[in-house]
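Worksheet: the structure to be examined is printed underneath.
Computation of the quantities below employed the complete heavy-atom set of this structure, encompassing side-chain atoms and omitting hydrogens, waters and symmetry-equivalent molecules.
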Amino acid sequence: MQDFGVLHLPHGDVETPVFMPVGTQATVKSMTPEELKDEVKSHIILSNTYHLFLRPGPELIKDAGGLHKFMNWDRNILTDSGGFQVFSLGDMRKITEEGVEFRSHIDGTKKFISPEKSMEIQNLLGSDIMMCFDECAPYPASRDYVEKSMAMTARWAARCKEYHKNTENQALFGIIQGGMYEDLREKSIQDLKALDFPGYAIGGISVGEPKEMFLKILRHTAPLMPENKPRYLMGVGTPDYLIEAAISGIDMCDCVIPTRMARNATALTHYGRLNMLNACHERDFTTLDPDCDCYTCKNYSRAYIRHLFKSKEILGARLLSIHNLRFLVRLMEDVRDAISQDLLTEFKQDFYKKYGYEEM
RNA sequence: GGAAGAAUGUCCGAGUGGCUAAAGGAGGCAGACUGUAAAUCUGUUAGCGUAUGCUUACGAUGGUUCGAAUCCAUCUUCUUCCA
């Protein structure tokens, strides 16, 4: 008999493993906080340092009473440091030891984020969990590049820890890098362990590599992370990745997939993905997923949702966002149940079979 | 009654002798999306065939030409202007 974990955070307890919806710009796209609480049943969401730094600016959010008050969300918030934008904004930035110079994607102006600046911004936002400013290396990347990048991320982590003082109310997590190289992952863990963070994340996977490689790095890295502290796998993911993460001992995951796919008309179900634009749903008056307990599945048909997308009505994106988010939050609830009954492997097998995933 | 203009693929619309099975949209069909520059992006969209290809296509019918969506004649329909 095993037990799942609980994170004790300033805005409430969070049972783990947990899936965290992403609300980059102080909003989980198209969702109200009430829907996130009452329909999705989420206890923690993400937001983003880089995007809020550019707009509306952290001082404004501080004057509004902090990010929770500003966006009317009284549960927990984890803020990403801007490190992912070092990766995703591609050639619109320049990396130096001191930090990263970004060219704003909004107006082209130059913005500089250092480890210290990222801490300052996240302090002003007042998130419950802050992330160290890191470099998320691209895939593929040479061993030489990844080694240097990982070492710099570790030096940046030390600077983050040194700068961050509000440790009572804001937990700062370190981020393990090292790309697809197992020994570099090990080195990164050692470097960060020495800094004694209250939680650790795996960054830099789920960046376009094949699933076998993702699993290889996940299965190698997660077990080496400190046992008594939360383990967060960043940017994951699809149902199979979430289950694999839980099996490897991961406590927290986040991903844009449920909301982005929702806006692009894809529904996640226990029986695989559905593209709601497909002609086969035109006269299908059944629910999205017979095994789902969400607001959308309780009230609307596939035919109606398809009609909304065909007509480019925003309600379609909203209804699918509720469904996809609830689907992943619920998936983790089921994973926790399975863990408490010591049936996680069986749960995975059943889920994979129903969904149509290949075992790996 | 007279004058001018227009008719293009599912729709809108470019094309004014060969490089045109026909630009570009829209619509249709399908695919992708993993710490959000994403309500976005990609492919495909006359028929048959695995394919070289063949057939049918630019209002209708006939003609000129080696070759026509493109030039000519007649007809049909529509738009605008004049009486």
When the P atoms of B:G59 and B:U16 are compared, how many Å lie between them, rounded to an integer?
15 Å

For atom CZ of A:Arg219, is the number of surrounding heavy atoms from other residues, nucleotides or ligands below 6.0 Å larger than 12?
yes

Got a salt bridge between A:Lys187 and A:Asp191, using NZ or NE/NH1/NH2 to carboxylate O under 4.0 Å?
yes

Check every strand shown and say whether A:Gln177 touches a base, only sugar-phosphate, or nothing at a heavy-atom separation below 4.0 Å.
base

Does A:Phe84 have its ring centroid less than 6.0 Å away from the ring centroid of A:Phe87?
yes

First-last contacting nucleotides on RNA chain B - partner chain A, under 4.0 angstrom, heavy atom:
B:G27 to B:U40

May I ask you to list the residues of residues 193-217 of chain A, by number, that have any heavy atom positioned under 4.0 Å from an atom of RNA chain B?
A:Gly204, A:Ser206

Using a 4.0 Å heavy-atom cut-off, does A:Leu46 contact any base of the nucleic acid, only the sugar-phosphate backbone, or nothing at all?
sugar-phosphate

Given the C1' atoms of B:A21 and B:U74, what is the spacing between them in whole Å?
29 Å

By the 4.0 Å heavy-atom rule, please label A:Ser30 as base, sugar-phosphate, or nothing.
nothing

What's A:Arg318 touching, base or sugar-phosphate or nothing? Going by heavy atoms closer than 4.0 Å.
nothing

For residues A:Lys117 and A:Phe112, determine if any side-chain heavy atom of one lies less than 4.5 Å from a side-chain heavy atom of the other.
no

Ring centres under 6.0 angstrom apart (A:Phe102, A:Tyr50)
yes

Taking atom C1' in both B:A4 and B:A83, what distance in whole Å separates the two?
15 Å

Under 6.0 Å between ring centres: does that hold for A:Tyr295 and A:Tyr300?
yes

Other residues, nucleotides and ligands only: do more than 12 of their heavy atoms fall within 6.0 Å of CD on A:Glu359?
yes

Quantified in whole Å, what is the C1' atom distance between nucleotide B:C78 and nucleotide B:G27?
24 Å

Dot-bracket, 5' to 3', for RNA chain B please: Watson-Crick or G-U pairs under 3.5 Å, [ ] where pairs cross earlier ones, | where the partner sits on another strand, dots elsewhere.
((((((((.[[[..)..(.....]]]((((((.......))))))(((....)))...[[[[[..)....]]]]]))))))).

Base, sugar-phosphate alone, or nothing: which one does A:Leu233 contact when heavy atoms must sit under 4.0 Å apart?
nothing

Please figure out whether A:Met234 or A:Arg260 has its closest RNA chain B nucleotide nearer the 5' end.
A:Met234

Are A:Leu89 and A:Val256 linked, directly or through other ILVMFWY residues, by side chains that come within less than 4.5 angstrom of each other?
no

Under a 3.5 Å cutoff, is there a donor and acceptor pairing between the side chains of A:Thr266 and A:Asn264?
no

Under 4.0 Å, counting only non-hydrogen atoms across every strand here, what does A:Lys312 touch: a base, just sugar-phosphate, or nothing?
sugar-phosphate

With a distance cut-off below 6.0 Å to the six-membered ring centre and an angular limit of 45° from the axis, does A:Lys229 pair with A:Phe197 as a cation-pi contact?
no

Rounding to the closest angstrom, what is the interatomic distance between B:A22 and B:G53 at atom P?
13 Å

Answer with yes or no after comparing the ring centroid distance for A:Phe214 and A:Tyr241 against a 6.0 Å cut-off, counting only values under it.
yes

Please confirm whether the backbone N or O of A:Ala222 pairs with a side-chain atom of A:Arg231, one donor and one acceptor, at under 3.5 Å?
yes

Using a cut-off of strictly less than 4.0 Å between a heavy atom of the residue and any atom of RNA chain B, enumerate the qualifying residues of residues 129-138 of chain A by number.
A:Asp134, A:Cys136

Test: A:Lys348 cationic atom under 6.0 Å from A:Tyr352 six-membered ring centre, within 45° of axis
yes

Considering every strand and a 4.0 Å limit on heavy-atom distances, what is the contact class for A:Met20: base, sugar-phosphate, or nothing?
nothing

Quick one: side-chain contact (heavy atoms from CB on, under 4.5 Å) partners of A:Ser311, sequence neighbours excluded?
A:His307, A:Glu313

What nucleic acid atoms does A:Gln25 come within less than 4.0 Å of, heavy atoms only: base, sugar-phosphate, or nothing?
nothing

Span that lies between the C1' atom of B:G2 and that of B:C71, in whole angstrom
27 Å

What integer number of Å spans the P atoms of B:A68 and B:U76?
26 Å

Mind checking A:Ala279 for me? I need base, sugar-phosphate or nothing, with any heavy atom below 4.0 Å counting as a touch.
sugar-phosphate

When the C1' atoms of B:C12 and B:A23 are considered, how many whole Å apart are they?
14 Å

Tell me which donor-acceptor pairs under 3.5 Å the side chains of residues 170-177 of chain A have, and how far apart each pair is, sequence neighbours excluded?
from	atom 1	to	atom 2	distance (Å)
A:Gln170	OE1	A:Asn123	ND2	3.0
A:Gln170	OE1	A:Asn166	ND2	3.0
A:Gln170	NE2	A:Gln122	O	2.9
A:Gln170	NE2	A:Ser127	O	2.9
A:Gln177	NE2	A:Asp134	OD2	2.8

Base, sugar-phosphate alone, or nothing: which one does A:Asp254 contact when heavy atoms must sit under 4.0 Å apart?
sugar-phosphate

